[in-house]
Amino acid sequence: MMQKQLNVLICDDSVLIRKKLKNILEVCKCHSIEEAEDGIAAIQKAKEMKPDLIFMDIVMPGKDGIEALEEIMNENPALKVVMASSAGTQSHLKQALDLGAYDFIQKPITLEAVTAIIEKIIKEEKGVSANV
């Protein structure tokens, strides 16, 4: 099954969404899961914990997901950031992908969507290490 334990940061201004996503990630056996409630906290936490993966909401107070993504990618261009988008934020998705977002998932977030992304990351990392 899944070899690598991923360190994941969840960034969303909704406590309920963070809790739901955390439960999903625990099912996916992610190693350490941290939470941030807005873009400012996400940037700080990303520096501290050096996650493998960030789930980032687009619409948040303070700094939105796009601004936070841009700063995080400047710090660590290899980081995988998955944007969580609700209806109506599609226009932001192209911008996010242009800034280096790894992927995006539609809200409401499902176990299947998260599992698919995590499996894709693990497959890619296996592919990378196999070629070394």
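- In terms of heavy-atom proximity, Cys11 sits nearest to Gly39 at SG-N, 4.2 Å.
- Shortest non-hydrogen contact noted between Gln5 and Asp52 is O-OD2, 3.9 Å.
- Applying the side chain to side chain donor-acceptor pair (under 3.5 Å) rule to Asp64 yields no partners; only residues at least two apart in sequence or on another chain are considered.
- Contact detail for Met83 and Ala96: the closest heavy-atom pair is CG-CB, 3.6 Å.
- The SG atom of Cys30 sits 12.0 Å away from atom CG of Leu9, with the distance rounded to the nearest 0.5 Å.
- When side chains are defined from C-beta on, Asn7 counts as touching Ser32, because their heavy atoms get closer than 4.5 Å.
- Between Leu25 and Ile118 the shortest side-chain heavy-atom distance falls below 4.5 Å.
- Side-chain contact between Lys50 and Asn76 is absent, with no heavy-atom pair separated by less than 4.5 Å.
- For Leu111, the side-chain contact (heavy atoms from CB on, under 4.5 Å) partners two or more places apart in sequence, or in a different chain, are Ile24, Val27, Cys28, Thr115.
- When hydrophobic clusters are built by joining Ile, Leu, Val, Met, Phe, Trp and Tyr residues whose side-chain heavy atoms come closer than 4.5 Å, directly or via intermediates, Leu93 is grouped together with Leu79.
- Side-chain contact between Ile58 and Phe104: absent, with no pair of heavy atoms (C-beta onward) separated by less than 4.5 Å.
- Put simply, CD on Glu34 and NZ on Lys45 are 5.5 Å apart, with the number rounded to the nearest 0.5 Å.
- The same ILVMFWY cluster, assembled from side-chain heavy atoms under 4.5 Å apart, contains both Ile33 and Ile17.
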- request: Start with the C-alpha distance between Ile109 and Phe55, add both sets of side-chain angles, then the distance that settles side chain to side chain contact (heavy atoms under 4.5 Å, CB included), and finish with yes or no.
  value: CA-CA 11 Å; Ile109 295 167; Phe55 283 94; 5.7 Å; no
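- In this structure, Ser14 has no side chain to side chain donor-acceptor pair (under 3.5 Å) partners at least two apart in sequence or on a different chain.
- For the atom pair Ile105 CD1 and Ile117 CD1, the distance stands at 5.0 Å (nearest 0.5 Å).
- Among residue pairs with one or both ends in residues 15-25, those qualifying as side-chain hydrogen bond (donor to acceptor under 3.5 Å, both in side chains) are Arg18-Glu35; sequence neighbours excluded.
- Listed by chain and number, the residues in a side chain to side chain donor-acceptor pair (under 3.5 Å) with Glu67 amount to none (sequence neighbours excluded).
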- request: Decide side chain to side chain contact (heavy atoms under 4.5 Å, CB included) for His31 and Leu6; before the verdict, give the C-alpha distance in whole Å, the side-chain angles of both, and the deciding distance to 0.1 Å.
  value: CA-CA 5 Å; His31 178 58; Leu6 295 176; 5.9 Å; no
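- Counting heavy atoms from C-beta outward, Met56 and Val82 have side chains that stay 4.5 Å or more apart.
- Minimum interatomic distance between Asp13 and Pro61 (heavy atoms only, all atoms of both residues): OD2-CD, 3.3 Å.
- In this view, Glu71 and Lys63 satisfy the side chain to side chain donor-acceptor pair (under 3.5 Å) rule, not counting sequence neighbours.
- Considering all non-hydrogen atoms of both residues, Ile54 and Ala46 come closest at CD1-CB, 4.0 Å.
- Remark: Asn74 engages Glu70 in a side-chain contact (heavy atoms from CB on, under 4.5 Å) (not counting sequence neighbours).
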task: Give the intermediate values and the outcome of side chain to side chain contact (heavy atoms under 4.5 Å, CB included) for residues Val81 and Tyr102.
output: CA-CA 5 Å; Val81 182; Tyr102 177 69; 5.6 Å; no
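- For Asp38, there are no salt bridge (Lys or Arg N to Asp or Glu O under 4.0 Å) partners two or more places apart in sequence or in a different chain.
- Residues passing the salt bridge (Lys or Arg N to Asp or Glu O under 4.0 Å) test with Glu75: none are found, sequence neighbours excluded.
- Applying the salt bridge (Lys or Arg N to Asp or Glu O under 4.0 Å) rule to pairs touching residues 104-114 yields Asp12-Lys107, Asp57-Lys107, sequence neighbours excluded.
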- prompt: Are Glu124 and Lys80 close enough, and set up right, to give a side chain to side chain contact (heavy atoms under 4.5 Å, CB included), and what steps lead you there?
  reply: CA-CA 11 Å; Glu124 278 177 17; Lys80 293 182 166 55; 3.7 Å; yes
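- Partners of Lys120 under the salt bridge (Lys or Arg N to Asp or Glu O under 4.0 Å) rule, at least two apart in sequence or in another chain, are Asp103.
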